[in-house]
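Everything on this sheet refers to the single structure shown next.
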Amino acid sequence: MNTLAKLWTVEDVAEFLGVPVATLYQWRYHRTGPKGHKIGRHLRYMPEDVMSWLQEQE
């Protein structure tokens, strides 16, 4: 893991996956989307978690 990598915002992940932000929140509610982390009141994603989740979807 690269500890210096920038964490992705919900908007970053939505743009990367080509889905609406609301879809990410629905996936999080149903626990079906990529793993997100609460940092204070903010939701952030590790790029490697998003990539790993995406590969699992194939």
Side-chain angles (χ1 to χ4, degrees):
M1 177 171 100
N2 183 356
T3 57
L4 299 178
K6 178 185 171 210
L7 296 175
W8 289 357
T9 64
V10 176
E11 292 81 8
D12 293 335
V13 177
E15 182 178 338
F16 176 76
L17 295 176
V19 300
V21 169
T23 298
L24 285 175
Y25 284 113
Q26 287 177 352
W27 288 347
R28 183 166 170 81
Y29 178 79
H30 294 290
R31 300 184 190 271
T32 59
K35 182 179 177 184
H37 303 275
K38 289 291 281 189
I39 300 180
R41 63 185 186 127
H42 303 284
L43 181 59
R44 296 292 183 261
Y45 292 86
M46 296 175 65
E48 54 268 20
D49 289 343
V50 176
M51 299 297 187
S52 176
W53 174 85
L54 185 58
Q55 289 177 347
E56 292 171 4
Q57 303 312 302
E58 295 179 348

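Side-chain atoms of Lys6 and Asp12, non-hydrogen and from C-beta on, do get closer than 4.5 Å to each other. Between Thr9 and Arg44 there is a side-chain heavy-atom pair separated by less than 4.5 Å. Within the 4.5 Å cutoff, side-chain heavy atoms of Arg28 are placed close to those of Leu43.
When all heavy atoms are compared, the tightest approach of Val13 to Val50 is CG2-CG2, 4.1 Å. Looking at every heavy atom in both residues, Met46 comes nearest to Glu48 through CE-OE2, 2.9 Å. Heavy-atom minimum distance, Met51 versus Trp8: CE-CH2, 4.0 Å. Residues Ala14 and Pro20 share a closest heavy-atom pair of CB-C, 4.2 Å.
No side-chain donor-acceptor contact under 3.5 Å links Glu58 to the backbone of Leu54.
Rounding to the nearest 0.5 Å gives a distance of 5.5 Å between CH2 of Trp27 and CG of Leu17. Summarising the geometry, atom OH belonging to Tyr45 is positioned 9.5 Å from atom NE2 belonging to His37; distances are rounded to the nearest 0.5 Å.
Hydrophobic clustering keeps Leu7 apart from Tyr25 (ILVMFWY residues linked when any side-chain heavy atoms are closer than 4.5 Å, directly or through intermediates).
Residues Asp49 and Ser52 have side chains that never bring a donor and an acceptor to within less than 3.5 angstrom of each other.
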